[in-house]
Amino acid sequence: MADIMQQIEMAYPKFSKGQKLIAAYIREHFDKAAFMTAAKLGTTVGVSESTVVRFATEIGYDGYPQLQRALKEIVRNRLTSVQRMEVTNDRLWGSDVLGKVLRMDMDTIRRTLEETDREAFYEAVAQIMDAKKIYIMGIRSAASLAGFLYYYFNHIFEDVRNMDTASSSMIFEQMLRLDSGDVFIGISFPRYSKRTLKAATYAKSCGAKVIAITDSHSAPLAQLADYVLVAKSDIASFVDSVVAPLSLINALIVAIGLEKKEEIAETYDKLEHIWGEYGVYQHNGDQEGRDEDV
């Protein structure tokens with residue numbers, strides 16, 4: 001689906017007077033409209049709630065909630081961190097922040113469960129298992145997701161690389177021997193990283209399969225990926241919520257683990273021996289001080 005602003009422009013000539021008022025408000029104040037109910041938006045511009053709902057269907061949405069989600073995508077993609085703090089201040093200030101944020105995270109997991117393509121998920125699992133080398137890349141807030149995925153994949157597969165993203169030249173140097181038997185897993189959420197997209201484009205040109213873990217099928221990374229795994233995210237002030245993406249990655253690891261359970265059992269049996277031999281973990285009741293974080 002096209003950007004909501006483009007949809008409004010295309011439909012504008014046939015709008016009623018009330019719908020034109022809605023369109024004008026969204027153009028100027030999309031950051032505020034994204035978090036208004038249909039009734040609140042109607043009151044703000046001086047039209048009925050039903051006019052707002054009809055406006056949503058007029059520009060191609062199933063209803064107002066879908067239009068609202070499209071506006072939230074714009075907020076997440078276009079606003080700076082400072083602007084996002086200003087936008088979410090009204091949502092959270094003076095409220096039960098703990099409850100509000102946890103409910104937002106619960107909603108993103110629910111929407112992820114509803115929208116993730118099961119076929120694409122299991123095809124991605126099969127592709128990863130057949131890969132000669134696995135390249136994982138995530139920048140900024142996605143770096144923690146990439147690190148989590150790499151930690152477990154490194155226990156499962158022989159050749160896994162978590163890309164060092166300090167500089168563009170370093171990224172491509174690490175991909176020097178990437179070829180058609182490999183898989184590139186790109187993790188990207190708004191605001192989307194250009195470096196992740198460039199690396200995925202290069203991987204695609206080398207014949208590697210590209211798996212995108214991102215927030216929608218319209219995301220830049222999804223446009224060139226062979227498999228798209230959608231995980232919804234939301235914003236709470238300047239913070240990107242990665243709860244649903246992490247849950248999706250967890251499911252990916254578990255699905256592969258079930259397929260390779262005998263090999264993984266051998267790996268962890270060996271690791272447990274090493275951890276015990278060298279005192280990696282501190283157990284309750286142990287008297288000795290620890291020199292490793294658990």
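Just so we're clear, the structure is a prediction, and the values are computed from it rather than from any experiment.
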Does Ser188 reach the main-chain N or O of Thr214 with its side chain, forming a donor-acceptor pair under 3.5 Å?
no
Quick check: is Ile139 connected to Leu246 through a chain of hydrophobic side chains (ILVMFWY, heavy atoms under 4.5 Å apart)?
no
Rounded to the nearest 0.5 angstrom, the CZ-NZ distance for Arg177 and Lys133 is 9.0 Å
Hey, what do you get for OH (Tyr150) to CD1 (Ile134), rounding to the nearest 0.5 Å?
11.0 Å
When you look at Leu176 and Glu173, which way does the side-chain contact (heavy atoms from CB on, under 4.5 Å) test go after all the steps?
CA-CA 5 Å; Leu176 184 63; Glu173 288 168 10; 5.9 Å; no
Heavy-atom donor-acceptor pair, Lys198 side chain to Ser168 backbone, under 3.5 Å:
no
Any side-chain heavy-atom pair of Leu224 and Val210 under 4.5 Å
yes
Quick check: does any side chain N or O of Gln223 sit under 3.5 Å from a backbone N or O of His217, one acting as donor and the other as acceptor?
yes
Assess whether side-chain contact (heavy atoms from CB on, under 4.5 Å) is satisfied between Tyr192 and Asp215, documenting all intermediate values.
CA-CA 10 Å; Tyr192 304 111; Asp215 65 318; 2.7 Å; yes
N/O donor-acceptor pair under 3.5 Å between Gln68 side chain and Met36 backbone:
yes
Tell me whether the centres of the aromatic rings in Tyr12 and Phe15 are closer together than 6.0 Å.
yes
Closest heavy-atom pair, Tyr135 versus Gln174, reported as atoms and distance to 0.1 Å, is CE2-O, 3.5 Å
Tell me, do Tyr64 and Val52 make a side-chain contact under 4.5 Å, heavy atoms counted?
yes
Would you say Ile128 and Phe157 make side-chain contact, with heavy atoms under 4.5 Å?
yes
Could you tell me whether the side chain of Ile4 reaches within less than 4.5 Å of the side chain of Phe30, counting heavy atoms only?
no
Any salt bridge linking Arg111 with Asp107? Criterion: basic side-chain nitrogen under 4.0 Å from a carboxylate oxygen.
yes
Could you check whether Arg27 pairs with Glu9 (Lys NZ or Arg NE/NH1/NH2 to Asp/Glu carboxylate O, under 4.0 Å)?
yes
For Lys232, is there any backbone N or O sitting under 3.5 Å from a side-chain donor or acceptor partner on Thr112?
yes
Find out whether Lys32 and Tyr25 are in side-chain contact, i.e. whether some heavy atom of one side chain is under 4.5 Å from a heavy atom of the other.
yes
Is there a donor-acceptor pair closer than 3.5 Å between any side-chain N or O of Thr43 and the backbone N or O of Ala39?
yes
Spacing of CG belonging to Asn154 relative to CG belonging to Asp159, to within rounding of 0.5 Å:
9.5 Å
What's the spacing between Thr108 OG1 and Glu115 CD if we round to 0.5 Å?
11.0 Å
Report whether Ile187 and Tyr202 are members of the same hydrophobic cluster (ILVMFWY, side-chain heavy atoms less than 4.5 Å apart, transitive linking).
no
With a 4.5 Å heavy-atom cut-off, do Val243 and Ile109 have their side chains touching?
yes
For the atom pair CD (Glu58) and CD1 (Ile22), what is the distance rounded to the nearest 0.5 Å?
10.5 Å
Starting from Leu271, can I reach Leu149 by hopping between I/L/V/M/F/W/Y residues whose side chains sit under 4.5 Å apart?
yes
Does Lys17 reach the side chain of Val47, with side-chain heavy atoms less than 4.5 Å apart?
no
Does Lys260, at its NZ atom, have more than 12 non-hydrogen atoms belonging to other residues, nucleotides or ligands within less than 6.0 Å?
yes
Does a side chain donor of either Ser241 or Asp105 reach within less than 3.5 Å of an acceptor in the other side chain?
yes
If hydrophobic clusters are built from ILVMFWY residues whose side chains come within less than 4.5 Å, do Val230 and Ile185 share one?
no
Identify the two heavy atoms, one from Ala23 and one from Ile8, that lie closest to each other, and give their separation to 0.1 Å.
CB-CG2, 3.7 Å
If you look at every heavy atom in Ile59 and Ala11, which pair is closest and at what distance?
CG2-CB, 3.9 Å
Would you name the heavy atoms of Val45 and Leu21 that are closest together and state the gap between them?
O-CD1, 3.8 Å
More than 12 heavy atoms of other groups within 6.0 Å of Lys194 NZ
no
Heavy atoms of Met129 and Ile256 approach each other most closely as CG-CG2, 4.3 Å
Output, in order, the C-alpha distance, side-chain angles, deciding distance and verdict of side-chain contact (heavy atoms from CB on, under 4.5 Å) for Phe35 and Leu71.
CA-CA 9 Å; Phe35 302 102; Leu71 287 173; over 6 Å; no
Other residues, nucleotides, ligands: >12 heavy atoms within 6.0 Å of Tyr122 OH:
no
Path from Val242 to Phe153 over hydrophobic side-chain contacts below 4.5 Å:
yes
Going through the checks in order, is the side-chain contact (heavy atoms from CB on, under 4.5 Å) test met by Leu248 and Ile213?
CA-CA 9 Å; Leu248 176 68; Ile213 300 177; 4.0 Å; yes
Salt-bridge test for Glu114 and Arg110: reply yes if a basic N is under 4.0 Å from a carboxylate O, no otherwise.
yes
Interatomic distance, Ile156 atom CD1 to Glu263 atom CD [nearest 0.5 angstrom]:
9.5 Å
Of all heavy-atom pairs linking Ile171 and Ala199, the shortest is CG2-CB, 3.9 Å
